[in-house]
Amino acid sequence: MKHQIVIEIFSEGLKKLAVSDLSLLQFETPNNPEHGDLSTNIAMKLAKQLKKKPLDIANELIQILSFDSRQIHSIKAINPGFINIKFTKQYFLDCFKELAQKGTEIGRLNIGKNKKVNIEFLSANPTGLLHLGHGRNAAIGDTIANILQWCGYQVTREYYFNNAGNQMNNLAKSIYARHRQLLGEQDFPFPEDGYFGDYIKDIAQNIIEKHKDRFKENTAENLNEIRKIGEKYCFDKIIATSKHLGVHHDVYFNEDSLYSSGETQDTIKALKEKGLIYEKDGASWLSYTKLGMKEDRVIIKSSGEPTYRLPDIAYHLNKLKRGFDIIIDVLGSDHIASAPDVIRAVEALAYDSSKIKILFYQFVTLTEAGEQVKMSKRSGKSYTLDELLEEVGADVVRFFLLMRASTTHLEFDLALAKEQSEKNPVFYLQYAHARICSILANAQEKGMEIDSKPDYSNLQTKEELALIKEILNFEDKIELAASKLETNIVTEYLRNLAALFHQFYHNCRIIDADAQLFQARINLALTTKNILFNGLKILGISAPEKM
RNA sequence: GCGCCAGUAGCUCAGUUGGACAGAGCAUCAGCCUUCUAAGCUGAGGGCCACAGGUUCGAAUCCUGUCUGGCGUACCA
């Protein structure tokens with residue numbers, strides 16, 4: 001809650017103290033409830049400037065504040081200079097009443113003001129199947145997109161891929177080798193740095209079933225056909241897995257289009273015009289030292305092929321030219337070092353790099369009963385994302401991937417994920433939702449009508465009030481999640497909300513309360529349900545009505 | 001070596017951008033179902049916030065150094 005009235009009261013008071021700079025004025029919710037509902041440290045911050053003791057300033061300030069005692073119960077100054085504000089119960093009830101009226105639209109914001117956001121995530125090349133690391137990328141990207149949409153941004157979800165180059169040739173060679181092996185030459189050599197996963201054998205098997213030995217000859221043409229088949233197989237699987245995880249993209253952007261459109265050429269040209277390109281050892285170098293960085297980097301290899309930097313820079317220019325106000329890249333921590341290469345180059349070409357935000361996430365480790373499970377693509381002994389989704393379900397996978405801050409390593413506990421019981425945190429939220437649905441169904445069955453404008457002053461218990469206060473925080477939490485691009489703010493909030501609901505449920509009867517109280521409580525439950533539903537929807541997790 | 005991220009209860013993690021006695025889940029122990037879903041609730045124990053300095057009214061949070069783990073340090077992407 002923004003508590004606008006408090007800001008106004010204090011702004012007035014500070015003016016009377018001849019303090020004009022209001023930027024220091026901040027409020028926070030104390031973690032100790034004895035310190036009230038809201039507190040400010042403004043007196044401490046003004047101490048130096050006014051050359052007075054903080055507590056004296058605080059006392060002076062609260063003397064001249066004027067406020068409505070129907071809304072504010074008390075404003076007190078306390079050692080060493082905090083000012084604590086306590087609202088009346090009526091104030092919270094009024095705020096709640098207003099918020100509850102939003103119904104199923106509760107929590108929706110318009111801070112985005114239709115600004116255009118491009119969020120690029122997943123972006124796995126079609127050389128293999130997705131694993132848990134991709135899952136974290138996809139879950140974060142999709143959920144951040146949901147949050148921003150919910151906040152009124154116009155969001156485009158983009159997938160950037162490369163279906164040319166070394167990696168793809170490697171895929172083709174790997175499939176080719178397996179297919180020769182399957183055709184009877186068991187000792188046909190497998191490329192040393194090839195893809196060892198079982199899916200390569202599946203692709204080879206498919207080829208033989210469909211085409212027999214048509215591609216047996218080791219020709220460039222056949223290898224190209226095999227490459228195409230492999231690419232399609234991988235892409236189909238990737239998209240199917242994404243869908244299973246509840247993830248979709250609006251735009252699939254092929255790196256190759258940057259070459260055919262001439263954008264990579266334009267980029268090189270522009271960099272040359274800025275005097276940032278020079279030749280050395282047969283390669284073209286980008287002079288990052290001129291841009292304040294430590295080392296220059298190759299941008300076109302001596303073979304004539306560009307390094308990843310060129311298309312990456314061109315791609316970001318492309319996104320900027322498409323008119324997005326905010327461009328978000330969701331990247332694994334292994335890209336941290338190379339990201340500035342793109343940013344600096346974009347700046348050098350006089351584009352606004354502040355529009356680009358890079359969301360890095362740390363790696364995922366998969367553990368089972370304390371033991372780490374390998375999931376590398378190369379070893380072949382990997383746990384694919386698909387297998388995981390099959391085994392524990394999309395809701396659990398998504399929740400586990402979203403419940404940690406992106407800056408921390410995520411430990412995915414397979415044993416806990418498999419647990420279909422109260423130990424599993426995702427069920428806790430869903431259970432609260434299902435419980436409320438059940439109460440609503442019972443009330444309906446008994447023919448009880450719900451009055452959407454009840455008298456909330458019937459709500460008296462501490463459980464009711466605690467639940468109401470947390471409900472009032474929903475919009476702030478969504479806004480915070482949107483500004484920090486962190487999904488765990490939402491999961492944490494919903495967990496806490498669910499806990500407060502369960503406590504309310506245990507201490508306050510709803511259906512057998514008397515008529516007035518029933519109306520107030522059923523509306524409180526209904527509003528909680530709306531938030532749980534919207535929150536879970538933002539997370540891309542189902543909100544079951546029965547469990 | 002250098003850069004980035006992390007180090008908080010036995011385990012997994014929060015910690016409101018510097019606030020007032022450091023929180024939650026799991027695990028452990030003790031309670032609560034003839035009443036709207038017990039996938040729930042109540043209570044207990046468990047901490048030198050890696051370590052050492054510094055900045056200030058005030059530090060888990062900011063600065064410096066040390067230690068530990070992860071990632072990176074390409075004419076791979």
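So that the names make sense, note that chain A is the first sequence line, chain B the second, and so on, each numbered from 1. Just the heavy atoms: all of them, side chains too, but no hydrogens, waters or symmetry mates, feed the values below.
The separation between A/Y361 atom OH and B/rC4 atom C1' is 16 Å, rounded to whole Å. Atom CZ of A/R435 is separated from atom P of B/rC33 by 15 Å (rounded to the nearest Å). Atom CD1 of A/I489 is separated from atom C1' of B/rU17 by 11 Å (rounded to the nearest Å). One can place NZ of A/K546 at 14 Å from C1' of B/rC36, the figure rounded to the nearest angstrom. For the pair A/Q503 CD and B/rA24 P, the computed distance is 11 Å after rounding to whole Å. Put simply, CZ on A/R495 is 14 Å from P on B/rA14, counting in whole angstrom units. Remark: P of B/rC26 and CZ of A/F400 are 12 Å apart, rounded to the nearest angstrom. One can place CZ of A/R136 at 13 Å from C1' of B/rC71, the figure rounded to the nearest angstrom.
Using a 4.5 Å heavy-atom threshold, the side chains of A/I277 and A/I300 count as separate. Considering only heavy atoms from C-beta on, A/L286 stays 4.5 Å or farther from A/D296 through its side chain.
Ring-base stacking between A/H409 and B/rA6 is not satisfied when judged by a centre separation under 5.5 Å and a plane angle under 30°.
Under a cutoff of 6.0 Å and an axis angle of 45°, A/K469 and A/F92 form a cation-pi pair. Relative to the six-membered ring of A/Y288, A/R344 misses at least one condition, a distance below 6.0 Å or an angle of at most 45° to the axis.
As judged by a 4.0 angstrom heavy-atom cut-off over every strand, A/I78 is placed among the base-contacting residues. A/K294 comes within contact range of the sugar-phosphate backbone alone, with a heavy-atom separation under 4.0 Å but no base atom that close. Across all strands shown, A/Y505 has heavy atoms under 4.0 Å from base atoms, whether or not it also approaches the sugar-phosphate. Counting any heavy atom pair closer than 4.0 Å across all strands shown, A/A405 reaches sugar-phosphate atoms only and no base atom. Nucleic acid contact for A/H35: base, since at least one base atom lies under 4.0 Å from a heavy atom of the residue. Within the nucleic acid shown, A/E463 has no heavy atom closer than 4.0 Å to any nucleic acid atom. Among the heavy atoms of the strands, none lies under 4.0 Å from A/N496. A/T408 comes within contact range of the sugar-phosphate backbone alone, with a heavy-atom separation under 4.0 Å but no base atom that close. Using a 4.0 Å heavy-atom distance criterion, A/C437 is classed as making no nucleic acid contact.
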Counting Watson-Crick and G-U wobble pairs with both distances under 3.5 Å, what is the dot-bracket string for RNA chain B, 5' to 3', using [ ] for crossing pairs and | for pairs to another strand?
(((((((..((((.....[...)))).(((((.......))))).....(((((..]....))))))))))))....

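Side-chain proximity of A/A434 to the nucleotides B/rU12, B/rC36, B/rU37 is greatest for B/rU37. Closest to the side chain of A/R509, from the set B/rC36, B/rU12, B/rG19, is B/rC36. Minimum atom distance to the side chain of A/N488 is reached by B/rA14, of the listed B/rU16, B/rA14, B/rG19.
Comparing B/rG72 with B/rA27, their P atoms sit 35 Å apart, to the nearest whole Å. Look at the P atom in both B/rC5 and B/rG40: the space between them is 38 Å, to the nearest Å. Nucleotides B/rU55 and B/rG65, compared at atom C1', are 15 Å apart to the nearest Å. Going from the C1' atom of B/rU64 to that of B/rA59 covers 15 Å, rounded to whole Å. Going from the P atom of B/rA60 to that of B/rA50 covers 10 Å, rounded to whole Å. Rounded to a whole angstrom, the distance from the P atom of B/rA6 to that of B/rU16 is 13 Å. Spacing of P atoms, B/rC51 relative to B/rA22, comes out at 16 Å, to the nearest Å. B/rU61 and B/rG15 are spaced 15 Å apart, taking the P atom of each and rounding to whole Å.
The glycosidic torsion of B/rC33 lies within 90° of 0, which places this base in the syn conformation. In B/rU17 the base sits syn relative to the sugar, since the glycosidic angle is no further than 90° from 0.
Note: A/Y315 and A/F253 have tilted aromatic rings, judged against thresholds of 30 and 60 degrees for the angle between ring planes. Between A/Y159 and A/Y252, the ring planes lie tilted relative to each other; the angle falls in the 30° to 60° range.
Put simply, the residue from A/T367, A/T365, A/N424 that forms a side chain to side chain contact (heavy atoms under 4.5 Å, CB included) with A/D413 is A/T367.
Atom CG of A/N166 sits in a sparse spot, with 12 or fewer heavy atoms from other residues, nucleotides or ligands closer than 6.0 Å. In this structure, A/E545 places its CD atom where only 12 or fewer heavy-atom neighbours from other residues, nucleotides or ligands lie under 6.0 Å away. The neighbour count for A/Q444 CD, taken as heavy atoms of other residues, nucleotides or ligands under 6.0 Å away, does not exceed 12. Environment of NZ in A/K45: crowded, with over 12 heavy atoms of neighbouring residues, nucleotides or ligands closer than 6.0 Å.
Close to B/rC41, at under 4.0 Å from its OP1 or OP2, lies a side-chain N or O of A/Y428. A close approach under 4.0 Å does not occur between any side-chain nitrogen or oxygen of A/N79 and OP1 or OP2 of B/rA20. For B/rU16, neither phosphate oxygen OP1 nor OP2 lies less than 4.0 angstrom from any side-chain nitrogen or oxygen of A/Y493. When the side-chain nitrogen and oxygen atoms of A/Q430 are compared with OP1 and OP2 of B/rA39, none of them lie within a distance under 4.0 Å. For A/N442 and B/rU37, the shortest distance from a side-chain N or O to OP1 or OP2 is below 4.0 Å.
A donor-acceptor contact under 3.5 Å is formed by the side chain of A/N84 with the base of B/rA20.
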Output, in order, the C-alpha distance, side-chain angles, deciding distance and verdict of side chain to side chain contact (heavy atoms under 4.5 Å, CB included) for A/R309 and A/V342.
CA-CA 7 Å; A/R309 291 182 190 88; A/V342 174; over 6 Å; no

Under 4.0 Å protein heavy-atom contacts per nucleotide of nucleotides 72-77 of chain B, with B for base, S for backbone only and - for none:
S-SBSB

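In this structure, A/P425 and A/H506 both approach RNA chain B, and ranking their closest nucleotides by distance from the 5' end singles out A/P425. Heavy-atom distances to RNA chain B give each of A/H502 and A/L410 a nearest nucleotide, and the one nearer the 5′ end belongs to A/L410.
Checking A/Q430 against A/D395 by side-chain atom types alone, a donor-acceptor pair falls below 3.5 Å.
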